[in-house]
Number of protein chains: 2
Amino acid sequence: MTLEEVARVAGVSRATASRVVNGSPKVNPQARRGVERAIARLGYVPNRAARSLVTRRSDSIGVVIREPTARLFGDPYFPQLLSGISAALSPRGLQLILLMPRSREEDRRLEQYLTAGHIDGVLLASLHGNDPLPGRLDGDGIPVVVGGRPPEGVRVSFVDNDNYGGAVAAVSHLIASGRHTVATISGPLDMEAGVARLRGYREALRSAGRSLDPSLEAEGEFTQESGAQAMRALLQRHPELDAVFVASDLMAAGALQVLNAAERRVPDDVAIVGFDDSPIALMTVPPLSTVRQSIEEMGREMVRLLLESIDERDRAPRQVILVTELILRGSCGGGPMS
Amino acid sequence: MTLEEVARVAGVSRATASRVVNGSPKVNPQARRGVERAIARLGYVPNRAARSLVTRRSDSIGVVIREPTARLFGDPYFPQLLSGISAALSPRGLQLILLMPRSREEDRRLEQYLTAGHIDGVLLASLHGNDPLPGRLDGDGIPVVVGGRPPEGVRVSFVDNDNYGGAVAAVSHLIASGRHTVATISGPLDMEAGVARLRGYREALRSAGRSLDPSLEAEGEFTQESGAQAMRALLQRHPELDAVFVASDLMAAGALQVLNAAERRVPDDVAIVGFDDSPIALMTVPPLSTVRQSIEEMGREMVRLLLESIDERDRAPRQVILVTELILRGSCGGGPMS
DNA sequence: CAAGGCTGTGAGAGCGCTCTCATGAACGCT
DNA sequence: AGCGTTCATGAGAGCGCTCTCACAGCCTTG
């Protein structure tokens with residue numbers, strides 16, 4: 001089934017048929033109808049490869065997920081993100097090419113692949129530390145949007161949640177509800193999300209006139225096990241603590257188990273607030289108070305920015321910060337207990 | 001950067017350069033080296049579209065995920081599956097195109113897309129009921145592999161876990177450890193995985209000489225909330241039950257909450273065994289005994305079968321059944337309690 | 001030494017599409 | 001009536017690649 005045949009059936013030239021397919025306005029309505037009928041009758045679908053070859057666009061965008069497996073599996077973050085991305089891509093007829101490099105070697109091949117022009121743009125999620133990828137892609141003139149924050153000094157578009165604001169809200173709530181010793185389990189400090197939530201924690205304490213105590217801060221890795229470990233450390237250093245702000249629900253689930261094992265009642269003895277509002281938050285006993293962020297929304301927004309920078313090549317990088325919302329449940333007192 | 005330039009730099013014809021790129025054996029070692037050097041120097045990467053146009057292969061395979069969002073997010077099933085698929089695809093240089101249709105309309109477009117030859121093969125995951133898609137794709141001569149089971153009567157390759165065997169093992173264990181009234185929360189009965197696990201439950205009871213009681217069976221939908229609901233129903237119908245086999249960990253988490261709320265101690269009053277060995281199983285208190293299956297392995301195996309049927313067009317459909325393993329933890333007594 | 005067989009190579013066609021450019025028809029204007 | 005202008009259309013080039021085919025050079029064989 002080629003355009004040629006469609007054109008023949010419709011009694012027009014290939015060029016006119018092409019114009020109809022691509023929605024050019026300069027086509028006689030009658031000719032247009034003829035071509036449309038032929039397309040429908042023959043079940044014609046354009047050959048992407050041929051089109052790509054001449055337009056130099058691939059109509060597909062790459063989604064790169066750089067994350068060790070542990071987090072990838074424990075947390076519904078990625079399915080949600082992919083779902084949002086897919087939803088935004090699909091009405092535009094763009095393909096979602098999923099890339100999950102799992103070794104140095106694959107990383108190398110990934111970069112080569114992305115810069116070879118097989119792809120119109122790239123979405124990057126969950127960057128760590130000083131990942132050189134966004135900078136390099138941008139340098140090669142490939143449209144990039146980062147979910148979360150790009151490394152310092154790299155000026156590319158990104159979409160992020162208001163991690164800082166969410167953390168401030170959570171910790172302020174703990175303070176306002178009368179807790180005296182508020183600890184935190186932070187995310188990995190090589191990730192912007194980890195750092196921002198920790199900054200929010202500190203700011204909330206500071207603005208409430210509390211003094212900061214570094215020994216009340218423990219770093220986790222966004223995994224359940226690391227949350228449990230951090231909780232054990234905090235409990236040992238500060239047996240008197242009566243509240244913890246945990247930078248992810250998954251880590252909070254780990255912390256909750258440790259508190260349970262240590263026979264601290266939640267929320268009576270220790271209040272706990274997580275972050276993400278992932279389904280996990282409803283799975284714990286008691287259910288977790290948490291900071292809600294919409295990861296699907298983030299995915300959609302990333303696509304929007306990417307399409308903009310594909311269409312308008314040298315526009316300045318943009319950034320979108322999505323609001324977060326404190327959700328109160330049983331784990332910090334006051335909310336429903338199941 | 002085109003093959004033409006590479007050829008010129010290496011002092012050979014485009015044809016020879018192409019032979020080197022594609023690993024044809026009939027090339028003089030010296031010419032080969034020259035071309036390879038030129039490729040390295042120029043950073044040449046073949047243009048996929050041009051290649052596709054002539055070979056009539058796209059070197060990409062579609063992964064279709066047909067699942068309502070609830071399950072998609074609660075459960076690490078899909079990230080694991082994608083990870084396995086991606087791992088198996090990447091050394092072959094094949095693209096993973098992710099497709100998540102979310103409406104009738106998108107479903108229609110999906111089918112058109114898949115049959116238009118944009119894709120060398122299709123992987124289908126998580127089919128429900130009598131999904132016509134696998135049969136139709138197969139009818140159109142498109143290589144297909146299903147994760148789980150294809151609908152009855154559709155003869156396509158598939159990879160499945162030994163759902164039946166796993167269920168038998170789990171329930172047999174509950175019986176052997178002295179439980180008297182063993183109930184089950186099954187998966188949705190429009191999915192083969194749901195049905196097979198229920199059959200396993202029944203078979204284990206039967207072969208232990210127990211009688212079957214339909215009121216000990218409640219159907220869930222593989223979501224946490226449906227598990228909780230089913231547990232409530234079971235508890236009402238059979239307050240005396242002392243064991244439950246739940247067809248997924250996520251549902252088991254829901255059931256556990258209900259047991260908790262009903263003040264039944266687990267495992268003392270009620271033993272519970274889940275299915276999947278998802279990270280959720282370690283998140284509950286006590287941790288869940290469960291039936292382990294390797295979803296990543298399933299993904300890899302699906303790719304293997306798909307590549308086989310792409311390479312050898314009219315081979316008979318194949319099936320692979322992956323073994324499952326009973327993992328004992330705190331929730332059914334005997335295992336570790338945390 | 002001729003005949004035949006390999007082997008490595010290059011010329012060239014052609015995959016299905018888009019897009020530029022030329023053309024001719026229809027129109028409004030002086 | 002003659003002119004420029006607009007508009008719809010078709011011819012044809014060319015995107016970068018693979019693959020068939022022909023052929024030159026060499027080796028084997030009787």
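Just so it is clear: chains get the letters A, B, ... in the order the sequence lines come, proteins before strands, and each one is counted from 1.
No hydrogens or angles considered: a donor-acceptor pair under 3.5 Å links the side chains of A:Ser86 and B:Arg102. Side-chain contact annotation: A:Asp120 with A:Ser58, donor-acceptor N/O pair under 3.5 Å present. Looking at A:Arg32 and A:Thr16, their side chains never bring a donor and an acceptor atom within 3.5 Å of each other.
Annotation: salt bridge (charged side-chain N to carboxylate O under 4.0 Å, His left out) contacts of A:Glu5 (sequence neighbours excluded): none. With sequence neighbours excluded, no residue forms a side chain to side chain donor-acceptor pair (under 3.5 Å) with A:Glu192.
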message: salt bridge (charged side-chain N to carboxylate O under 4.0 Å, His left out) for A:Glu106 and A:Arg109? Distances and angles first, verdict last.
response: CA-CA 5 Å; A:Glu106 284 191 25; A:Arg109 282 227 307 260; 5.6 Å; no
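Minimum interatomic distance between A:Asp162 and A:Val323 (heavy atoms only, all atoms of both residues): CB-CA, 4.5 Å.
A side-chain contact (heavy atoms from CB on, under 4.5 Å) with A:Leu133 holds for exactly one of A:Leu127, A:Asp107, A:Asp138, A:Leu110; it is A:Leu110.
For the pair B:Arg155 and B:Pro150, the minimum side-chain heavy-atom distance is 4.5 Å or more. Side-chain atoms of A:Tyr44 and A:Val21, non-hydrogen and from C-beta on, do get closer than 4.5 Å to each other. B:Val145 is not listed as a side-chain neighbour of B:Val156, based on a closest heavy-atom distance of 4.5 Å or more.
Remark: B:Leu53, B:Val54, B:Arg56 in residues 47-57 of chain B come within less than 4.0 Å of DNA chain C through at least one heavy atom.
Taking a heavy-atom distance under 4.0 Å as the criterion, the stretch of DNA chain D touched by chain A extends 5' to 3' from D:dA8 to D:dG16.
Shown here is A:Arg315, whose CZ atom has more than 12 heavy atoms of other residues, nucleotides or ligands within 6.0 Å.
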Tabulate protein N/O versus nucleotide N/O from nucleotides 6-10 of chain C, keeping only pairs under 3.5 Å, one per line.
from	atom 1	to	atom 2	distance (Å)
C:dT9	OP2	B:Asn28	N	2.9
C:dG10	OP2	B:Ser13	N	2.8
C:dG10	OP2	B:Ser13	OG	2.9
C:dG10	OP2	B:Thr16	OG1	2.8
C:dG10	N7	B:Arg19	NH2	2.8

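Overall bending of the helix from C:dC1-D:dG30 to C:dT30-D:dA1, expressed as the angle between end axes built from five pairs apiece, is 40° (10° steps).
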